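Okay, structure first, notes after.
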Amino acid sequence: MCITLFIILTIAFMVVRLMPGSVYDNPEYSIEIIQALEAKAQLDKPWIIQYFHFLKGALRGDWGVSVKIAPCVPVFDVIKQRIPITILLNIISLVISLPIGILAGTVAAMNRSRMPDHIISFLVVIFISVPSFVFATLMQYFLAFKAGWFPIVYSATAAGTAKYRSMMLPMLALSFGPIATVTRYLRGELIENLSSEYMLLARTKGLTKYQAAFRHAFRNSCVPLANIIIPMFTGILGGSLVVERIFAIPGVGGLMVESVSTSDHFLTVAVLLFYSVISLFTILLVDISYGIIDPRIRLGGNE
Amino acid sequence: MKTGESILTVDNLSVSFRTYSGIVKAVRGVSFELNKGETICIVGESGSGKSVTVKTIMGILPPSAVIESGTINYKGMDLTKLTEEEYARIRGKEIGLIFQDPLSSLNPLMKIGRQITEALLIDKEMSKREAREAAIELLGAVGIRDPEQRFEQYPFQFSGGMRQRVVIAIALARNPEVLICDEPTTALDVTVQARILNLINELKQKRQLSIIFITHDLGVVAHMADRVYVMYAGKIVEYGTAEDIFLEPAHPYARALLASVPDMETEGRLASIPGAPPNMLHPPTGDGFAPRNKYAMQIDFEEEPPMFRISDTHYAATWSLHPSAPEIPMPDVLRERIRRMKEGGANR
């Protein structure tokens, strides 16, 4: 995990440094000022020296300061401010999409090849293939601008229900993809489990169709589901990069886009690091959860 | 043959599958009866409709299957007319089923114990603790050692034979009167096979079970059967007591099947049945086996043979039994073997 993180960091550093333009590009500064600033941050040296300088700083916990977005503030302090809203948004979307996805997937599987299944499968294809920012823009236009049901952008200053109302659209936009993913996955798993031999055995015991479906097929389908939920979180995080921007939400995603477009390089690297740590952590969680959830893996070592 | 009262009667049962390529007539007018306390074997090759027949009895046909005609009479009820809810009361309680593949018929993610108590708790007559004790007792009864400890384990911690014992325990949990075994030993090693068969016979004695045993293994038939039904292309082509079938097979398919089984005296090439089973998308007219029978007569291809009576217990559907049919010789291997069996007396 540490090695992966190191490689990610290295690549991030190089990509950022290879971008044209200086961190200190500013029409108000003269060439001399820029050169002096660059010399101070060792940016006039070859990139390999810059890289070691950066690593040395990173090891001491000094990741540099933001230049443009919040001048002279350490980069992680900038990110820290932005984290809560992003995490809140993502967790809420996940919480919304799970029950809906599970319900839709179950309905589709139990009515396989009949009308409800066809409708749900059709919607799933749309929701999976259309990216979240398209929904975000469409909803912003139709529901917020035309119909006026929701605020057009997120308002951080509003309190109570108004704040949550302004969060509704971005949450919805972020939920469609995960809902479709859960639905499709659960439908596939359930259909496979419903037609398995142990379902026949469960029914020959005398369980009714629904008892058997719920106690055996549904439970077993939820086990692998647990393992896609965690990586899905990373997926929502990726989606929120753009959606946050559309709804002007001051989150980490927006920060990432801003820092790149204003070439606030230290900040970009730090945000990238934040996303990488979260992704790596979720992968680790998945591996651990396999062992906890599935008895075949949990007990495998004891035999 | 025991002349007990009949407990399950299947009459003229036909089952078809609707598939994309057409209607598959899997079972075509099958009739048989199971008497109290006896074991009947239904023998036939893959695709002859054996499994479909028992799935129909259990009411667990896939949605694409349709019962075209016929009745299944169990204790005065016609099982083909039951609703799903009524069927749920029959399954497990009256008729139990053991599957072919114990490796896939247990829920891999549920503890063995719960899979048994689940069946016991359906009737709502037991508390959870009673069910647990009953389940442990059952596990012991089917020959699983340390049942208390095994109770808490998952299927993957059991060997194939042990899993089949668990499946048997589940099938017997609610004391059914009829036990259907759908090739229960096919997926097991030969040594384990014999133990499972002995267990089934033992449980049959103890619990006065009536058993329908599906198999394609004639060795198993010899071990288990009171009476034998030979099935080919969705029809019963011959039936009789085990002695009738083994010593005086009449239908050419039954003869060919018996001749293809090796024994200690077999030398040279093993006899095989030429050709392939018919495609049930286009079921054959006449005697289904005729295309593979070198003694087939013109009428075998044209008209379906009725059941000819050979003795009170022994019937076969083949035109070769018609009074005006020519004598058809028994295959040499078989004649020789039957002679030895008759000399050896009961040593079959």
Side-chain angles (χ1 to χ4, degrees), chain A residues 108-118 185-228 289-303, chain B residues 54-55 57-64 83-111 114-123 152-158 163 166-167 169-174 176 179-180 182 187:
Chain A
M110 296 294 277
N111 294 293
R112 188 184 175 186
S113 300
R114 272 176 278 163
M115 216 45 203
D117 182 29
H118 292 314
Y185 195 78
L186 191 68
R187 176 183 177 271
E189 282 289 321
L190 256 181
I191 283 178
E192 198 188 315
N193 280 319
L194 282 173
S195 55
S196 67
E197 286 255 321
Y198 65 77
M199 273 297 288
L200 281 185
L201 181 76
R203 286 182 61 202
T204 58
K205 279 181 206 173
L207 295 175
T208 64
K209 221 175 189 167
Y210 288 97
Q211 277 175 328
F214 186 75
R215 287 193 207 170
H216 291 267
F218 183 72
R219 274 171 49 118
N220 289 11
S221 304
C222 284
V223 168
L225 189 67
N227 294 313
I228 67 155
S289 70
Y290 267 122
I292 295 172
I293 296 167
D294 193 330
R296 282 170 296 189
I297 295 171
R298 188 194 333 145
L299 301 172
N302 302 346
E303 286 296 287
Chain B
V54 294
K55 280 191 174 145
I57 297 173
M58 274 317 257
I60 51 170
L61 286 172
S64 60
T83 64
E84 179 59 32
E85 272 168 40
E86 291 167 322
Y87 235 128
R89 286 199 281 273
I90 301 282
R91 291 190 203 113
K93 183 84 189 154
E94 303 283 345
I95 308 176
L97 177 61
I98 301 173
F99 286 95
Q100 187 171 34
D101 188 359
L103 301 181
S104 60
S105 53
L106 288 168
N107 183 341
L109 299 179
M110 197 187 264
K111 284 179 183 168
R114 251 204 84 191
Q115 301 199 37
I116 303 173
T117 52
E118 187 182 48
L120 291 166
L121 290 171
I122 289 173
D123 297 324
E152 299 291 342
Q153 290 185 336
Y154 289 91
F156 71 92
Q157 293 165 306
F158 285 66
R163 279 187 230 189
V166 173
V167 173
I170 292 174
L172 295 179
R174 297 168 72 199
L179 182 66
I180 302 177
D182 187 359

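Below, chain A is the first sequence line, B the second, and so on; all start at residue 1. What you see is a predicted model; the values in this text were computed from it and never measured.
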Decide, yes or no, whether a salt bridge links A/Lys209 with B/Glu84 under the criterion of side-chain N to carboxylate O below 4.0 Å.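 Result for this pair is no, no salt bridge flagged.
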Among [options], residue most engaged with chain A (heavy-atom pairs, under 4.5 Å):
{"options": "B/Met58, B/Met110, B/Lys93", "result": "B/Met110"}
{"options": "B/Glu94, B/Lys111, B/Glu118", "result": "B/Glu118"}
{"options": "B/Pro108, B/Ser105, B/Ala88", "result": "B/Ser105"}
{"options": "B/Gly96, B/Ser104, B/Gly92", "result": "B/Ser104"}

Spatial distance of atom [atom1] ([X]) from atom [atom2] ([Y]) [nearest 0.5 Å]:
{"X": "A/Thr208", "Y": "B/Arg91", "atom1": "OG1", "atom2": "CZ", "value": "9.0 Å"}
{"X": "A/Leu207", "Y": "B/Ile122", "atom1": "CG", "atom2": "CD1", "value": "4.0 Å"}
{"X": "B/Asn107", "Y": "A/Met199", "atom1": "CG", "atom2": "CE", "value": "9.5 Å"}

What part of A/Thr204 gets within 4.5 angstrom of chain B, counting heavy atoms only: side chain, backbone, both, or neither?
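A/Thr204 touches chain B through backbone and side-chain heavy atoms alike.
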For this session: Tell me, for A/Arg215 versus chain B, whether the close heavy atoms (under 4.5 Å) come from the side chain, the backbone, both or neither.
Result: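 For A/Arg215, the contact with chain B is made by backbone and side chain together.
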Under 4.5 Å between any side-chain heavy atoms of A/Lys205 and B/Ile170, yes or no?
->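 A side-chain contact exists here, since the closest heavy-atom pair is under 4.5 Å.
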| Side chain, backbone, both or neither of B/Lys55 within contact of chain A (heavy atoms, under 4.5 Å) |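 Contact with chain A involves the side chain of B/Lys55 alone.
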Smallest separation among heavy atoms of A/Leu200 and B/Phe99, with atom names:
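Closest pair (atom of A/Leu200, atom of B/Phe99, distance): CB-CZ, 3.4 Å.
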